[in-house]
Asks: 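Dropping the structure in here first, questions after.
Indexing begins at 1, ligand by ligand and atom by atom, following the structure's order.
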Amino acid sequence: MHVEPLSEDDRAEALDTLDEWDYDEARDAITRRFTFADFSEAFAFMTRVALLAEKANHHPEWSNVWNRVDVLLTTHDAGGLSHKDVALAEAIDALLG
Ligand SMILES: C[C@H](O)[C@H](O)[C@H]1CNC2=NC(N)=NC(=O)C2=N1
């Protein structure tokens, strides 16, 4: 389904709000590295994010190395950042203690 990309202004506002996330200009995406005590904690986090993603029908591009999880959010149907990425990033951040 088609999703509108964020306007320049909305993107700037989102990047300001999501201050723990970095902007990947090449992908028009936001990225964040999460580091945990060990693999088990990292994988538990990934499980919780997976459930959020399924509920939102919006999925991260991510990788895991032991206790690290690198997350990239962009909307394929929009060809860049959309409100879905902002919402998922906020939901992911809310998982953290
Ligand atoms: C068919 C399915 O609804 C679409 O492919 C959804 C699934 N998850 C998605 N995730 C992301 N990040 N971008 C999308 O455009 C997207 N589209």
Asks: Write out the residue and atom name of the closest protein heavy atom to atom 3 (O) of ligand 1, then the distance separating them to 0.1 Å.
Replies: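 It is N57 ND2, 2.7 Å.
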Asks: T74 near ligand 1, heavy-atom distance under 4.0 Å?
Replies: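 Under 4.0 Å: yes for T74.
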Asks: Are D77 and K84 within salt-bridge range, i.e. N to O under 4.0 Å?
Replies: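 No salt bridge links D77 with K84.
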Asks: Ligand 1 and D77, any nitrogen or oxygen pair closer than 3.5 angstrom?
Replies: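 Right, the criterion is met.
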Asks: Assess, by modelled atom type and distance only, whether the side chains of E4 and H83 contain a donor and an acceptor separated by less than 3.5 Å.
Replies: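 Their side chains do not contain a donor-acceptor pair, so the 3.5 Å distance test is not met.
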Asks: So with a 6.0 Å cut-off around CZ of F36, is the heavy-atom count from everything else above 12?
Replies: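 Yes, CZ of F36 has more than 12 neighbouring heavy atoms, counting only those of other groups under 6.0 Å.
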Asks: Do H58 and D85 get their side chains close enough for a donor-acceptor pair, meaning under 3.5 Å?
Replies: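 Note: H58 and D85 side chains meet the donor-acceptor criterion.
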Asks: Under the 4.5 Å side-chain heavy-atom rule for ILVMFWY, direct or indirect, which residues accompany V65?
Replies: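 Answer for V65: none, a lone residue.
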Asks: Specify the protein heavy atom at minimum distance from atom 10 (N) of ligand 1: its residue, its atom name, and the distance to 0.1 Å.
Replies: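 For this ligand atom, the closest protein heavy atom is H59 N, 3.0 Å.
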Asks: Please check atom 14 (C) of ligand 1 for a protein heavy-atom neighbour under 4.0 Å.
Replies: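 Protein heavy atoms within 4.0 Å of atom 14 (C) of ligand 1 - there is at least one.
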